[in-house]
Visitor: 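If you scroll down you'll find the structure; I have some questions about it.
Every chain is numbered from 1, with letters handed out A, B, ... down the list of sequences.
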2 protein chains.
Amino acid sequence: MHYPEPISKLIDSFMKLPGIGPKTASRLAFHVLGMKEETVLDFAKALVNAKRNLGYCSVCGHITDQDPCSICEDTRRDRSLICVVQDPKDVIAMEKMKEFNGLYHVLHGAISPMDGIGPEDINVPDLLKRLQNEEVEEVILATNPNIEGEATAMYISRLVKPSGINVTRIAHGLPVGGDLEYADEVTLSKALEGRRQV
Amino acid sequence: MHYPEPISKLIDSFMKLPGIGPKTASRLAFHVLGMKEETVLDFAKALVNAKRNLGYCSVCGHITDQDPCSICEDTRRDRSLICVVQDPKDVIAMEKMKEFNGLYHVLHGAISPMDGIGPEDINVPDLLKRLQNEEVEEVILATNPNIEGEATAMYISRLVKPSGINVTRIAHGLPVGGDLEYADEVTLSKALEGRRQV
(Lines give C-alpha, C1' and ligand atoms only; values in the text may rest on other atoms or scores of the structure.)
Protein backbone atom coordinates (compact mmCIF):
# COMPACT_ATOMS: atom_id res chain seq x y z
CA MET A 1 0.00 0.00 0.00
CA HIS A 2 1.21 3.45 -0.86
CA TYR A 3 -1.52 5.60 0.65
CA PRO A 4 -3.32 5.34 3.99
CA GLU A 5 -6.80 3.94 3.32
CA PRO A 6 -8.88 7.14 3.81
CA ILE A 7 -6.88 8.97 1.19
CA SER A 8 -6.82 6.12 -1.31
CA LYS A 9 -10.62 5.93 -1.05
CA LEU A 10 -10.85 9.66 -1.72
CA ILE A 11 -8.53 9.29 -4.71
CA ASP A 12 -10.74 6.50 -6.05
CA SER A 13 -13.77 8.77 -5.72
CA PHE A 14 -12.10 11.62 -7.58
CA MET A 15 -11.04 9.21 -10.32
CA LYS A 16 -14.70 8.43 -11.04
CA LEU A 17 -15.12 12.01 -12.32
CA PRO A 18 -14.60 12.65 -16.04
CA GLY A 19 -11.12 13.73 -17.15
CA ILE A 20 -9.51 13.01 -13.79
CA GLY A 21 -6.74 10.40 -13.82
CA PRO A 22 -4.68 8.98 -10.93
CA LYS A 23 -2.22 11.92 -10.80
CA THR A 24 -4.85 14.65 -10.72
CA ALA A 25 -6.98 12.64 -8.29
CA SER A 26 -4.09 12.34 -5.85
CA ARG A 27 -3.31 16.06 -6.22
CA LEU A 28 -6.95 16.93 -5.47
CA ALA A 29 -7.11 14.52 -2.53
CA PHE A 30 -4.00 16.02 -0.94
CA HIS A 31 -5.45 19.46 -1.50
CA VAL A 32 -8.59 18.39 0.38
CA LEU A 33 -6.42 17.34 3.34
CA GLY A 34 -5.07 20.89 3.49
CA MET A 35 -8.51 22.50 3.34
CA LYS A 36 -10.43 23.72 6.39
CA GLU A 37 -12.66 21.04 7.91
CA GLU A 38 -15.69 23.31 7.43
CA THR A 39 -15.01 23.68 3.70
CA VAL A 40 -14.66 19.92 3.30
CA LEU A 41 -17.94 19.32 5.16
CA ASP A 42 -19.66 21.89 2.91
CA PHE A 43 -18.27 20.05 -0.12
CA ALA A 44 -19.58 16.72 1.14
CA LYS A 45 -23.00 18.25 1.89
CA ALA A 46 -23.12 19.93 -1.52
CA LEU A 47 -22.50 16.56 -3.18
CA VAL A 48 -25.28 14.81 -1.30
CA ASN A 49 -27.72 17.73 -1.63
CA ALA A 50 -27.17 18.11 -5.35
CA LYS A 51 -27.78 14.41 -5.86
CA ARG A 52 -30.81 14.19 -3.56
CA ASN A 53 -32.61 17.48 -4.06
CA LEU A 54 -32.35 17.91 -7.79
CA GLY A 55 -34.71 16.40 -10.31
CA TYR A 56 -36.13 17.19 -13.71
CA CYS A 57 -38.97 19.66 -14.21
CA SER A 58 -42.12 17.74 -15.16
CA VAL A 59 -43.00 20.43 -17.70
CA CYS A 60 -39.79 21.26 -19.57
CA GLY A 61 -37.32 18.60 -18.37
CA HIS A 62 -34.78 21.13 -17.10
CA ILE A 63 -32.83 20.31 -13.96
CA THR A 64 -34.44 21.87 -10.90
CA ASP A 65 -34.92 21.75 -7.14
CA GLN A 66 -38.63 22.61 -7.40
CA ASP A 67 -41.34 21.33 -9.74
CA PRO A 68 -42.25 23.02 -12.07
CA CYS A 69 -38.89 24.75 -12.42
CA SER A 70 -38.42 28.48 -11.84
CA ILE A 71 -38.37 29.18 -15.58
CA CYS A 72 -41.68 27.39 -16.23
CA GLU A 73 -43.20 29.12 -13.18
CA ASP A 74 -42.01 32.60 -14.17
CA THR A 75 -45.14 34.48 -15.33
CA ARG A 76 -43.07 37.24 -16.94
CA ARG A 77 -41.76 34.88 -19.61
CA ASP A 78 -43.23 34.64 -23.09
CA ARG A 79 -45.30 31.44 -23.14
CA SER A 80 -45.81 31.52 -26.90
CA LEU A 81 -42.16 30.66 -27.52
CA ILE A 82 -40.52 27.29 -26.80
CA CYS A 83 -36.82 26.70 -27.33
CA VAL A 84 -35.99 22.99 -27.78
CA VAL A 85 -32.52 21.97 -26.53
CA GLN A 86 -30.75 18.65 -26.00
CA ASP A 87 -29.40 19.15 -22.50
CA PRO A 88 -29.99 21.09 -19.25
CA LYS A 89 -26.56 22.63 -19.79
CA ASP A 90 -27.88 24.14 -23.02
CA VAL A 91 -30.65 25.89 -21.05
CA ILE A 92 -27.98 27.37 -18.81
CA ALA A 93 -25.97 28.55 -21.83
CA MET A 94 -29.11 30.20 -23.25
CA GLU A 95 -29.98 31.80 -19.90
CA LYS A 96 -26.49 33.24 -19.57
CA MET A 97 -27.10 35.11 -22.82
CA LYS A 98 -30.03 36.90 -21.08
CA GLU A 99 -31.75 37.60 -24.40
CA PHE A 100 -34.23 34.77 -24.63
CA ASN A 101 -37.45 35.28 -22.71
CA GLY A 102 -39.48 32.24 -23.75
CA LEU A 103 -39.76 28.76 -22.27
CA TYR A 104 -37.59 25.70 -22.85
CA HIS A 105 -38.03 22.06 -23.62
CA VAL A 106 -35.11 19.75 -22.79
CA LEU A 107 -34.96 16.57 -24.89
CA HIS A 108 -32.23 14.86 -22.82
CA GLY A 109 -30.50 13.57 -25.92
CA ALA A 110 -30.86 13.49 -29.68
CA ILE A 111 -32.13 10.96 -32.16
CA SER A 112 -29.26 8.65 -33.05
CA PRO A 113 -30.13 5.44 -34.93
CA MET A 114 -26.46 4.34 -34.60
CA ASP A 115 -26.81 4.25 -30.81
CA GLY A 116 -30.37 2.91 -30.99
CA ILE A 117 -31.89 6.17 -29.71
CA GLY A 118 -35.24 6.88 -31.35
CA PRO A 119 -37.74 9.74 -30.88
CA GLU A 120 -39.49 7.80 -28.09
CA ASP A 121 -36.27 7.61 -26.07
CA ILE A 122 -35.91 11.38 -25.86
CA ASN A 123 -38.44 13.89 -24.55
CA VAL A 124 -40.28 14.33 -27.91
CA PRO A 125 -43.73 12.91 -26.93
CA ASP A 126 -43.88 15.35 -23.99
CA LEU A 127 -43.08 18.23 -26.35
CA LEU A 128 -45.97 17.26 -28.66
CA LYS A 129 -48.33 17.12 -25.68
CA ARG A 130 -47.20 20.58 -24.57
CA LEU A 131 -47.77 21.96 -28.05
CA GLN A 132 -51.35 20.64 -28.06
CA ASN A 133 -52.28 22.15 -24.71
CA GLU A 134 -50.36 25.40 -24.53
CA GLU A 135 -50.76 28.40 -26.82
CA VAL A 136 -47.39 28.13 -28.48
CA GLU A 137 -46.73 30.22 -31.59
CA GLU A 138 -43.09 29.38 -32.31
CA VAL A 139 -40.83 26.44 -31.65
CA ILE A 140 -37.11 27.27 -31.89
CA LEU A 141 -35.01 24.18 -32.56
CA ALA A 142 -31.69 24.72 -30.77
CA THR A 143 -30.34 21.17 -30.89
CA ASN A 144 -26.59 20.84 -31.50
CA PRO A 145 -25.26 21.56 -35.00
CA ASN A 146 -24.11 17.98 -35.63
CA ILE A 147 -25.63 14.96 -37.39
CA GLU A 148 -27.76 13.82 -34.44
CA GLY A 149 -28.88 17.34 -33.58
CA GLU A 150 -29.80 18.09 -37.20
CA ALA A 151 -31.70 14.80 -37.54
CA THR A 152 -33.61 15.57 -34.34
CA ALA A 153 -34.42 19.11 -35.50
CA MET A 154 -35.58 17.78 -38.86
CA TYR A 155 -37.75 15.11 -37.22
CA ILE A 156 -39.42 17.53 -34.81
CA SER A 157 -40.02 20.17 -37.49
CA ARG A 158 -41.82 17.59 -39.67
CA LEU A 159 -44.03 16.57 -36.74
CA VAL A 160 -44.86 20.10 -35.61
CA LYS A 161 -45.26 22.02 -38.89
CA PRO A 162 -48.64 20.46 -39.89
CA SER A 163 -50.21 21.91 -36.70
CA GLY A 164 -49.53 25.43 -38.05
CA ILE A 165 -46.96 26.36 -35.37
CA ASN A 166 -43.99 28.35 -36.67
CA VAL A 167 -40.86 26.15 -36.48
CA THR A 168 -37.42 27.79 -36.68
CA ARG A 169 -33.82 26.56 -36.43
CA ILE A 170 -30.99 28.59 -34.87
CA ALA A 171 -28.55 29.95 -37.45
CA HIS A 172 -25.40 28.18 -38.59
CA GLY A 173 -22.44 30.32 -39.51
CA LEU A 174 -19.10 31.63 -38.41
CA PRO A 175 -18.68 32.00 -34.65
CA VAL A 176 -18.16 35.61 -33.58
CA GLY A 177 -14.45 36.29 -33.05
CA GLY A 178 -13.64 33.33 -35.30
CA ASP A 179 -11.36 33.39 -38.30
CA LEU A 180 -12.65 32.85 -41.83
CA GLU A 181 -9.36 31.23 -42.74
CA TYR A 182 -9.80 28.47 -40.18
CA ALA A 183 -13.52 27.80 -40.71
CA ASP A 184 -14.36 24.34 -42.06
CA GLU A 185 -16.05 24.05 -45.47
CA VAL A 186 -19.45 23.01 -44.12
CA THR A 187 -19.65 25.96 -41.69
CA LEU A 188 -18.49 28.35 -44.39
CA SER A 189 -21.05 27.04 -46.85
CA LYS A 190 -23.78 27.38 -44.19
CA ALA A 191 -22.62 30.92 -43.44
CA LEU A 192 -22.81 31.84 -47.11
CA GLU A 193 -26.19 30.19 -47.49
CA GLY A 194 -27.54 32.09 -44.49
CA ARG A 195 -26.26 35.51 -45.62
CA ARG A 196 -28.48 38.48 -44.92
CA GLN A 197 -28.77 41.98 -46.31
CA VAL A 198 -26.93 44.60 -44.25
CA MET B 1 -29.72 32.82 -11.40
CA HIS B 2 -28.52 30.30 -13.93
CA TYR B 3 -28.30 27.14 -11.85
CA PRO B 4 -30.63 25.74 -9.18
CA GLU B 5 -29.01 26.38 -5.81
CA PRO B 6 -27.88 22.80 -4.94
CA ILE B 7 -25.89 22.57 -8.16
CA SER B 8 -24.37 26.05 -7.93
CA LYS B 9 -23.17 25.19 -4.41
CA LEU B 10 -21.59 21.99 -5.73
CA ILE B 11 -19.93 23.96 -8.55
CA ASP B 12 -18.54 26.41 -5.97
CA SER B 13 -17.10 23.50 -3.99
CA PHE B 14 -15.44 21.99 -7.03
CA MET B 15 -13.98 25.39 -7.92
CA LYS B 16 -12.11 25.46 -4.62
CA LEU B 17 -9.95 22.59 -5.88
CA PRO B 18 -6.69 23.44 -7.66
CA GLY B 19 -6.79 23.70 -11.44
CA ILE B 20 -10.58 23.54 -11.64
CA GLY B 21 -12.25 26.58 -13.18
CA PRO B 22 -15.96 27.35 -13.67
CA LYS B 23 -16.34 25.27 -16.85
CA THR B 24 -14.73 22.12 -15.47
CA ALA B 25 -16.55 22.57 -12.15
CA SER B 26 -19.91 22.67 -13.89
CA ARG B 27 -18.99 19.64 -16.01
CA LEU B 28 -18.01 17.71 -12.87
CA ALA B 29 -21.16 18.82 -11.01
CA PHE B 30 -23.42 17.67 -13.85
CA HIS B 31 -21.52 14.40 -13.94
CA VAL B 32 -22.22 13.94 -10.23
CA LEU B 33 -25.97 14.36 -10.92
CA GLY B 34 -25.76 11.44 -13.32
CA MET B 35 -23.88 9.18 -10.88
CA LYS B 36 -25.54 6.53 -8.70
CA GLU B 37 -26.68 7.89 -5.32
CA GLU B 38 -24.52 5.26 -3.59
CA THR B 39 -21.38 6.42 -5.41
CA VAL B 40 -22.08 10.05 -4.50
CA LEU B 41 -22.60 9.12 -0.83
CA ASP B 42 -19.30 7.19 -0.89
CA PHE B 43 -17.60 10.25 -2.35
CA ALA B 44 -19.02 12.50 0.37
CA LYS B 45 -17.99 10.02 3.08
CA ALA B 46 -14.49 9.69 1.61
CA LEU B 47 -14.08 13.47 1.76
CA VAL B 48 -15.10 13.69 5.40
CA ASN B 49 -13.15 10.58 6.44
CA ALA B 50 -9.96 11.70 4.73
CA LYS B 51 -10.18 15.08 6.43
CA ARG B 52 -11.13 13.71 9.87
CA ASN B 53 -9.16 10.47 10.17
CA LEU B 54 -5.83 11.49 8.71
CA GLY B 55 -3.07 13.21 10.61
CA TYR B 56 0.69 13.39 10.59
CA CYS B 57 2.89 10.68 12.09
CA SER B 58 4.48 12.03 15.29
CA VAL B 59 7.77 10.34 14.37
CA CYS B 60 8.35 11.01 10.67
CA GLY B 61 5.64 13.54 9.79
CA HIS B 62 4.17 11.39 7.00
CA ILE B 63 0.43 11.45 6.50
CA THR B 64 -1.24 8.53 8.28
CA ASP B 65 -4.42 7.17 9.84
CA GLN B 66 -2.51 5.60 12.75
CA ASP B 67 0.30 6.98 14.92
CA PRO B 68 3.15 6.12 14.45
CA CYS B 69 2.57 5.46 10.74
CA SER B 70 2.82 2.00 9.19
CA ILE B 71 6.30 2.76 7.79
CA CYS B 72 7.72 3.81 11.18
CA GLU B 73 6.07 0.79 12.82
CA ASP B 74 7.37 -1.71 10.26
CA THR B 75 10.11 -3.72 12.01
CA ARG B 76 11.41 -5.12 8.71
CA ARG B 77 12.65 -1.70 7.60
CA ASP B 78 16.24 -0.56 7.95
CA ARG B 79 16.27 1.85 10.90
CA SER B 80 19.82 3.03 10.21
CA LEU B 81 18.68 4.90 7.07
CA ILE B 82 16.55 8.06 7.03
CA CYS B 83 15.41 9.67 3.80
CA VAL B 84 14.51 13.35 4.24
CA VAL B 85 11.79 14.63 1.90
CA GLN B 86 9.76 17.83 1.65
CA ASP B 87 6.27 16.42 1.30
CA PRO B 88 4.15 13.35 2.14
CA LYS B 89 3.65 12.96 -1.64
CA ASP B 90 7.40 12.46 -1.94
CA VAL B 91 7.21 9.54 0.49
CA ILE B 92 4.56 8.01 -1.73
CA ALA B 93 6.72 8.51 -4.84
CA MET B 94 9.64 6.81 -3.03
CA GLU B 95 7.44 3.95 -1.84
CA LYS B 96 6.12 3.35 -5.36
CA MET B 97 9.71 2.71 -6.43
CA LYS B 98 9.79 -0.23 -3.96
CA GLU B 99 13.61 -0.05 -3.66
CA PHE B 100 14.05 2.00 -0.51
CA ASN B 101 13.77 0.08 2.72
CA GLY B 102 14.72 2.73 5.29
CA LEU B 103 12.63 5.25 7.18
CA TYR B 104 11.51 8.74 6.18
CA HIS B 105 11.43 12.20 7.61
CA VAL B 106 8.94 14.65 6.09
CA LEU B 107 9.91 18.33 6.43
CA HIS B 108 6.57 19.76 5.23
CA GLY B 109 8.29 22.46 3.25
CA ALA B 110 11.71 23.82 2.44
CA ILE B 111 13.76 26.72 3.73
CA SER B 112 12.81 29.80 1.72
CA PRO B 113 13.97 33.17 3.07
CA MET B 114 11.96 34.89 0.29
CA ASP B 115 8.73 33.49 1.77
CA GLY B 116 9.96 33.93 5.33
CA ILE B 117 10.27 30.17 5.93
CA GLY B 118 13.23 29.36 8.15
CA PRO B 119 14.57 26.03 9.52
CA GLU B 120 12.31 26.36 12.58
CA ASP B 121 9.18 26.53 10.39
CA ILE B 122 9.82 23.14 8.82
CA ASN B 123 10.30 19.81 10.55
CA VAL B 124 14.11 20.20 11.05
CA PRO B 125 14.26 20.32 14.91
CA ASP B 126 12.34 16.99 15.06
CA LEU B 127 14.84 15.48 12.63
CA LEU B 128 17.76 16.50 14.84
CA LYS B 129 16.05 14.99 17.88
CA ARG B 130 15.50 11.74 15.97
CA LEU B 131 19.15 11.63 14.95
CA GLN B 132 20.24 11.98 18.59
CA ASN B 133 18.03 9.19 19.89
CA GLU B 134 17.95 6.63 17.10
CA GLU B 135 20.90 4.67 15.73
CA VAL B 136 20.96 6.32 12.32
CA GLU B 137 23.97 5.73 10.07
CA GLU B 138 22.94 7.59 6.92
CA VAL B 139 20.72 10.54 6.15
CA ILE B 140 19.69 10.74 2.49
CA LEU B 141 18.63 14.26 1.51
CA ALA B 142 15.88 13.91 -1.10
CA THR B 143 14.54 17.46 -1.08
CA ASN B 144 13.49 18.88 -4.46
CA PRO B 145 16.23 19.81 -6.96
CA ASN B 146 15.40 23.53 -6.91
CA ILE B 147 16.79 26.54 -5.02
CA GLU B 148 14.75 25.99 -1.84
CA GLY B 149 15.34 22.24 -1.84
CA GLU B 150 19.09 22.67 -2.36
CA ALA B 151 19.32 25.30 0.37
CA THR B 152 17.44 23.01 2.77
CA ALA B 153 19.68 20.06 1.91
CA MET B 154 22.77 22.22 2.40
CA TYR B 155 21.51 23.52 5.75
CA ILE B 156 20.66 20.06 7.09
CA SER B 157 23.94 18.54 5.90
CA ARG B 158 25.91 21.22 7.77
CA LEU B 159 23.95 20.54 10.95
CA VAL B 160 24.19 16.77 10.78
CA LYS B 161 27.71 16.14 9.48
CA PRO B 162 29.55 17.10 12.72
CA SER B 163 27.75 14.25 14.56
CA GLY B 164 29.56 11.75 12.29
CA ILE B 165 26.42 10.54 10.51
CA ASN B 166 26.89 9.91 6.79
CA VAL B 167 24.91 12.56 4.83
CA THR B 168 24.13 11.97 1.14
CA ARG B 169 22.17 13.83 -1.52
CA ILE B 170 20.20 12.09 -4.30
CA ALA B 171 21.82 12.39 -7.73
CA HIS B 172 21.10 15.11 -10.24
CA GLY B 173 21.28 14.23 -13.92
CA LEU B 174 19.29 13.44 -17.01
CA PRO B 175 15.93 11.82 -16.36
CA VAL B 176 15.70 8.27 -17.78
CA GLY B 177 13.90 8.32 -21.12
CA GLY B 178 14.81 11.99 -21.49
CA ASP B 179 16.51 13.58 -24.45
CA LEU B 180 20.00 15.11 -24.17
CA GLU B 181 19.04 17.66 -26.80
CA TYR B 182 16.24 19.07 -24.64
CA ALA B 183 18.05 19.01 -21.29
CA ASP B 184 18.68 22.43 -19.72
CA GLU B 185 22.27 23.56 -19.17
CA VAL B 186 22.19 23.20 -15.38
CA THR B 187 20.91 19.62 -15.51
CA LEU B 188 23.43 18.74 -18.20
CA SER B 189 26.29 20.24 -16.21
CA LYS B 190 25.15 18.33 -13.09
CA ALA B 191 24.92 15.13 -15.15
CA LEU B 192 28.46 15.62 -16.42
CA GLU B 193 29.74 16.46 -12.95
CA GLY B 194 28.13 13.32 -11.50
CA ARG B 195 29.50 10.97 -14.21
CA ARG B 196 30.53 7.51 -13.10
CA GLN B 197 32.78 4.79 -14.48
CA VAL B 198 30.89 2.09 -16.43
Visitor: Picking from D87(A), L33(A), I7(A), V32(A), which has the most non-hydrogen pairs under 4.5 angstrom with chain B?
Guide: L33(A)

Visitor: Measuring heavy-atom distances to chain A, does L54(B) have an atom under 4.5 Å in its side chain, in its backbone, in both, or in neither?
Guide: side chain

Visitor: Among Q66(B), R52(B), K45(B), which has the most heavy-atom pairs under 4.5 Å with chain A?
Guide: R52(B)

Visitor: Heavy-atom distances under 4.5 Å only: say whether M94(B) touches chain A with side chain, backbone, both or neither.
Guide: neither

Visitor: Taking NZ, NE, NH1 and NH2 as the nitrogens, is one of them in K9(B) or D12(B) under 4.0 Å from a carboxylate oxygen of the other?
Guide: no

Visitor: In terms of heavy-atom pairs under 4.5 Å with chain A, which of A46(B), A44(B), A50(B), P18(B) leads?
Guide: P18(B)

Visitor: Can you tell me which portion of I11(B) sits under 4.5 Å from chain A's heavy atoms? Options are side chain, backbone, both or neither.
Guide: neither

Visitor: Inspect the surroundings of CD in E38(A) and state if more than 12 heavy atoms from other residues, nucleotides or ligands are less than 6.0 Å away.
Guide: no

Visitor: For the interface with chain B, which of L47(A), T39(A), T64(A), L28(A) has the highest count of heavy-atom pairs at distances below 4.5 Å?
Guide: L47(A)

Visitor: Do you know the tightest heavy-atom contact between P88(B) and F30(A)?
Guide: CB-CE2, 4.1 Å

Visitor: Which label fits F14(A) and F43(B): parallel for a plane angle under 30°, tilted from 30 to 60°, or perpendicular past 60°?
Guide: perpendicular

Visitor: If you measure only the distance, is there a donor-acceptor pair under 3.5 Å linking the side chains of H62(A) and E95(A)?
Guide: no

Visitor: If you count heavy-atom pairs within less than 4.5 Å of chain A, which of I63(B), N49(B), V91(B) leads?
Guide: I63(B)

Visitor: Quick check on the interface: out of L41(B), V40(B), T24(B), D42(B), who has the most heavy-atom pairs with chain A under 4.5 Å?
Guide: V40(B)

Visitor: In terms of heavy-atom pairs under 4.5 Å, which option from S26(A), S13(A), S8(A) contacts chain B the most?
Guide: S13(A)

Visitor: Counting only heavy atoms not in K51(B) (residues, nucleotides, ligands), do more than 12 fall under 6.0 Å from its NZ?
Guide: yes

Visitor: With a 3.5 Å cut-off and no angle check, do the side chains of E138(B) and T168(B) form a donor-acceptor pair?
Guide: yes

